[in-house]
Amino acid sequence: MTTLEHADIRRILPHRHPVLLVDRVLDLEPGVRIVATKAVTGGEPCYAGLDEDLPVSAYAYPASLLVESFGQTGAVLWLYSAATSGERREGTLIFGSAREVTITGSAYPGDVLRHTVEIDQLIGDNAFMRGETWVGDRRIATLGSVLAVVREGLAAGTGS
């Protein structure tokens, strides 16, 4: 069982605050599966400027950030697995797509997201993954197919 702390994750992913959305890896089986966490806090940028009179439901963690956090967890699995097998992924890491996404619940400040991601297939610089996100014993999301890619020659932040 491989575990990774936040400092280890920072060495793997190019993301930094406030867009680094993985806090700790609880279990990692290279090339196969990862379980990682992301603590949701009220101090995150997505909650800045919310009116105090809003209902609790307004504080649901945005689905886009939930999916991004899941994707980053998958990227940790992929990039760590490549490094442990002696491969290097050079270029810009890109979240390609998410399909068959079902959101069945919400997370709120104080909750801890637990992502379980499995690699379905690796083809060159493309990784296909799937998995689930949990808060405690509640499954709040299922992602049937997520694509991450590494592309050479892209300047960071250009998206083209």
R89 vs D125, salt bridge (Lys or Arg N to Asp or Glu O under 4.0 Å): CA-CA, chis, key distance, verdict: CA-CA 7 Å; R89 295 282 175 243; D125 286 335; 3.1 Å; yes

Worked check of side-chain contact (heavy atoms from CB on, under 4.5 Å) between T133 and R114: CA-CA 6 Å; T133 298; R114 186 178 73 252; over 6 Å; no

Walk me through it: do E5 and R10 pass the test salt bridge (Lys or Arg N to Asp or Glu O under 4.0 Å)? CA-CA 9 Å; E5 295 301 324; R10 287 174 54 106; over 6 Å; no

Does S145 form a side-chain contact (heavy atoms from CB on, under 4.5 Å) with D120? I'd like the steps, not just the answer. CA-CA 9 Å; S145 178; D120 277 333; 5.9 Å; no

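In this structure, D51 places its CG atom where more than 12 heavy-atom neighbours from other residues, nucleotides or ligands lie under 6.0 Å away.
The two residues K38 and V22 come nearest to each other via the heavy atoms CG-N, 4.3 Å. Closest non-hydrogen pair, I12 versus Y80, comes out as CD1-CD1, 3.9 Å. Nearest heavy atoms, Y108 versus V56: CE2-O, 3.4 Å. Between R24 and L4, the closest heavy-atom pair is CG-O, 3.5 Å. Minimum heavy-atom separation, M129 to A148: CE-CB, 3.8 Å. A107 and L113 make their closest contact through CB-CD2, 3.6 Å (heavy atoms, listed as atom of the first residue, atom of the second, distance).
Of the possible donor and acceptor atoms, one in the side chain of R138 sits under 3.5 Å from a partner among the backbone N and O of S106. A side-chain donor-acceptor contact under 3.5 Å links D23 to the backbone of A39. One N or O on the side chain of S69 and one on the backbone of L21 form a donor-acceptor pair closer than 3.5 Å. No donor-acceptor distance shorter than 3.5 angstrom exists from the side chain of S81 to the backbone of P30, with no hydrogens or angles considered.
The hydrophobic clustering, which links ILVMFWY residues whose side-chain heavy atoms are closer than 4.5 Å, places F95 and L20 together. Y61 and L50 fall within the same hydrophobic cluster, where Ile, Leu, Val, Met, Phe, Trp and Tyr residues are linked whenever their side-chain heavy atoms come under 4.5 Å apart, directly or through other members. No continuous path of ILVMFWY side-chain contacts below 4.5 Å connects L13 to I94, so the two sit in separate hydrophobic clusters. At a threshold of 4.5 Å between side-chain heavy atoms, the hydrophobic network of Ile, Leu, Val, Met, Phe, Trp and Tyr places L26 and V40 in two separate groups. The cluster map of Ile, Leu, Val, Met, Phe, Trp and Tyr, joined by side-chain heavy atoms under 4.5 Å apart, puts L79 and V146 in the same cluster.
Checked against I103 for a side chain to side chain contact (heavy atoms under 4.5 Å, CB included), the options I140, L66, L143, T142 give a single hit: L66.
Put simply, OG on S97 and CZ on F128 are 7.5 Å apart, with the number rounded to the nearest 0.5 Å. With rounding to the nearest 0.5 Å, the separation of CG in D8 from OG1 in T3 is 8.0 Å. Here the CD atom belonging to E132 is positioned 9.0 Å from the OG1 atom belonging to T104, to the nearest 0.5 angstrom.
With contacts defined as side-chain heavy-atom distances shorter than 4.5 Å, the pair R33/T116 qualifies. Within the 4.5 Å cutoff, no side-chain heavy atoms of R130 are placed close to those of R99. Between V25 and T2, the closest side-chain pair of non-hydrogen atoms is not below 4.5 Å. Looking only at side-chain heavy atoms (C-beta outward), I119 and V32 stay at 4.5 Å or farther from each other.
Below 30°, between 30° and 60°, or above 60°: for H115 and F70 the angle between ring planes is above 60°, a perpendicular geometry.
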